[in-house]
Protein chains: 2
Amino acid sequence: MLNRSRVLRLSRYKNAVLRLKSLNFVRVFSDNLADATGVTAAQVRKDFSFFGISGNRRGGYVVDELLSQLNKTLGKDQFHDFIIAGIGNIGKALLRYQGFEKSSIRIAAGFDIDPMKYNPNGTVPILPLEQMNEYIVKNGIKLGIIAVPDYAAQQVLELMKSAGIKGILNFAPICLRETSDCVINNINLVTELENIIYFVESAEAKKGK
Amino acid sequence: MLNRSRVLRLSRYKNAVLRLKSLNFVRVFSDNLADATGVTAAQVRKDFSFFGISGNRRGGYVVDELLSQLNKTLGKDQFHDFIIAGIGNIGKALLRYQGFEKSSIRIAAGFDIDPMKYNPNGTVPILPLEQMNEYIVKNGIKLGIIAVPDYAAQQVLELMKSAGIKGILNFAPICLRETSDCVINNINLVTELENIIYFVESAEAKKGK
DNA sequence: AATAACTTGTGAAAAATATCACAACAATTC
DNA sequence: GAATTGTTGTGATATTTTTCACAAGTTATT
């Protein structure tokens, strides 16, 4: 069965391998990846085994081979276009984020309802939300990011799905439900901070006692 | 044992209850929360039971009571100050993010090495990174956000930890390892998008076959 | 070419997590 | 006030995920 956190770990391994490669490593061991990503070596190997990624006994994994296997598994052997709905603080940050390009991720266009945000001729065009459907269909976009306020999220989700979007990263602070025809990852910034608060507070409490 | 995803779910329940409250719900059932957050009703009850949150048989949970129990458990009965290191795209977006205040989360200050970013007299002061240690110690800050480039992340982590930070949300695309004295949550935007790409691609592949 | 050193790949075991199913109970109806 | 209905709280069960442990294999050394 395909397991979400297993795929997340695969991405982390890939990042770790990239960093090791930049340090001129030619081979890596499951041990190295375990250290770099905070899991056990057995888990690294189990994960690889699950996706049919293999190395050499005693020789570990050849960095370049491993990278290409990881990229292939993750579908990173081709460019992927995303669109963003909502050009607020988060949306703008994602538009400008430098880290995507080298991971063959491209933000193709942004959409908003606020005319002040429109910029049809920018590097990444910002267009009226009404044009989103047309854009998605015309360009065959399959991937979207939702960065609108909570009250608009569900509606934007429906718009995206009906236009043919198959996968969404959602930053709106509301848990969008995924369906069989559309994968959704929810990132809730408040929730993430609350999580940290909880563990820090409970550590304090334990110590105080 | 305390379980990270259990606490994350608790935050989601809290958000769901807040939304139901705004719809004038007076009581909620585990069923409602299950629907709103995409888990089973049994899980909601198990989670509550774990934290000692209880309702009434047949009567469900009284919204206001439940909220205060959730907030108390999550340590949201008081304000929490965070600092941010790295005032780039992500850092700036977080500084301006509107959603924190009503969750009693406050960004107290930002730090960067670029003098162009300094703004010591803004609503949220942006100060030189060299002053971070002093600021943390002086104000008793326990919580931090890392939004610097990958190559600087480890170093900023050490700075924060040595100054007394106990919990960190990390946006740098490198997996920072948590230690017994400092909780860390890593959010890697590329990884999140890759995860979606993977599931969309593999769904495509399955359909094509 | 035999031995030693070391790492993978993976079944088996353990641990963690989620679901089931139902007794216990509270509100409502008859 | 007895019967009915509906919901919680939770042991027991099932499933998922992780770790263990070691045979199988590869390279290096003597």
Side-chain angles (χ1 to χ4, degrees), chain A residues 1-14 16-17 20 25-70 73 175 177-178 195 198-199 202, chain B residues 1-13 16-17 20 25-70 73 175 177-178 195 198-199:
Chain A
M1 213 280 311
L2 67 163
N3 170 300
R4 185 158 300 194
S5 49
R6 187 162 261 158
V7 179
L8 280 172
R9 283 199 300 271
L10 217 59
S11 284
R12 293 212 207 94
Y13 300 150
K14 192 206 61 183
V17 177
L20 294 171
F25 277 51
V26 173
R27 339 179 70 88
V28 291
F29 304 116
S30 56
D31 225 23
N32 303 142
L33 296 176
D35 285 347
T37 56
V39 301
T40 62
Q43 175 122 67
V44 174
R45 298 199 297 274
K46 249 303 189 311
D47 286 338
F48 284 179
S49 150
F50 182 86
F51 292 105
I53 293 173
S54 61
N56 317 327
R57 293 184 200 243
R58 165 113 201 200
Y61 305 85
V62 176
V63 165
D64 285 325
E65 282 174 21
L66 181 56
L67 262 182
S68 86
Q69 287 188 95
L70 285 169
T73 307
C175 195
R177 298 290 301 281
E178 111 178 349
N195 198 243
Y198 175 86
F199 285 100
S202 70
Chain B
M1 213 280 314
L2 67 162
N3 168 300
R4 184 157 301 192
S5 48
R6 186 161 262 161
V7 180
L8 280 173
R9 281 199 302 271
L10 218 59
S11 285
R12 292 211 208 95
Y13 301 149
V17 177
L20 294 172
F25 276 51
V26 173
R27 337 179 72 86
V28 292
F29 304 117
S30 57
D31 226 23
N32 303 144
L33 296 176
D35 285 347
T37 56
V39 302
T40 62
Q43 174 121 67
V44 175
R45 297 198 298 274
K46 252 279 166 25
D47 286 338
F48 284 179
S49 148
F50 183 86
F51 291 106
I53 293 173
S54 60
N56 318 324
R57 292 185 203 245
R58 167 119 197 195
Y61 304 85
V62 177
V63 165
D64 286 326
E65 283 173 22
L66 181 55
L67 262 182
S68 86
Q69 287 188 94
L70 286 169
T73 307
C175 196
R177 298 293 300 281
E178 113 179 346
N195 198 243
Y198 175 86
F199 285 100

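Atoms considered below: every heavy atom in the structure, side chains included; atoms not considered: hydrogens, waters and symmetry mates.
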For C:dA18, does either OP1 or OP2 sit under 4.0 Å from a side-chain N or O belonging to B:Thr40?
no
Taken to the nearest whole Å, CZ/A:Phe50 to P/D:dT16 is 12 Å
So how far is it from A:Asn3 CG to A:Phe50 CZ, rounded to the nearest 0.5 Å?
7.0 Å
Between P on D:dT17 and CZ on B:Arg6, what's the gap in Å once rounded to a whole number?
16 Å
Each nucleotide of nucleotides 1-7 of chain D classed B (base within 4.0 Å of a protein heavy atom), S (only sugar-phosphate) or -, in 5' to 3' order, makes ----BBB
Can you check whether B:Val17 reaches B:Phe25 side chain to side chain, under 4.5 Å on heavy atoms?
no
Just the rounded figure in Å: distance from P of C:dA18 to CZ of B:Arg4.
15 Å
Interatomic distance, CZ@A:Phe51 vs CG@A:Leu70, rounded to 0.5 Å, equals 9.5 Å
Please, which pairs that meet salt bridge (Lys or Arg N to Asp or Glu O under 4.0 Å) have at least one residue in residues 47-70 of chain A, sequence neighbours excluded?
A:Arg6-A:Asp47, A:Arg9-A:Asp47, A:Lys21-A:Asp64
Would you say the side chain of A:Tyr13 lies within less than 4.5 Å of the side chain of A:Leu66, judging by non-hydrogen atoms?
no
Give A:Ser54 one of three labels, base, sugar-phosphate or nothing, depending on what nucleic acid heavy atoms sit under 4.0 Å from its own.
sugar-phosphate
By the 4.0 Å heavy-atom rule, please label A:Arg9 as base, sugar-phosphate, or nothing.
sugar-phosphate
Using Watson-Crick and G-U wobble pairs with both distances under 3.5 Å, what is the 5'-to-3' dot-bracket string of DNA chain C, with [ ] for crossing pairs and | for pairs outside the strand?
||||||||||||||||||||||||||||||
Across all chains, not counting sequence neighbours, the side-chain hydrogen bond (donor to acceptor under 3.5 Å, both in side chains) partners of B:Gln69 are none
Show me the donor-acceptor pairs within less than 3.5 Å that the side chains of residues 28-46 of chain B make with the rest of the protein, sequence neighbours left out.
unit_1  : atom_1 : unit_2  : atom_2 : d
B:Ser30 : OG     : B:Arg45 : NH1    : 3.1
B:Asn32 : OD1    : B:Phe29 : N      : 2.9
B:Thr37 : OG1    : B:Leu33 : O      : 2.6
B:Thr40 : OG1    : B:Gln43 : N      : 3.2

Decide side-chain contact (heavy atoms from CB on, under 4.5 Å) for B:Val62 and B:Asn56; before the verdict, give the C-alpha distance in whole Å, the side-chain angles of both, and the deciding distance to 0.1 Å.
CA-CA 8 Å; B:Val62 177; B:Asn56 318 324; 4.3 Å; yes
Side chain of B:Lys46, base of C:dT19: donor and acceptor closer than 3.5 Å?
yes
Given atom CD of B:Gln43 and atom C1' of C:dT17, what is their separation to the nearest angstrom?
8 Å
Short side-chain N/O contact from B:Ser49 to OP1 or OP2 of D:dT10, under 4.0 Å:
yes
State which residues pass side-chain hydrogen bond (donor to acceptor under 3.5 Å, both in side chains) with A:Ser68; sequence neighbours excluded, sorted by chain then number.
none
Value in whole Å for how far the P atom of D:dG9 lies from CG of B:Asp31:
14 Å
Rounded to the Å, how far apart are B:Asp47 CG and C:dT19 P?
10 Å
Output the rounded distance in Å from CD1 (B:Ile53) to C1' (D:dG9).
14 Å
Could you tell me how far apart A:Phe51 (CZ) and C:dT8 (P) are, to the nearest whole angstrom?
18 Å
Can you identify which nucleotide, out of D:dT17, C:dA21, D:dG11, has its nearest atom closest to the B:Ala42 side chain?
C:dA21
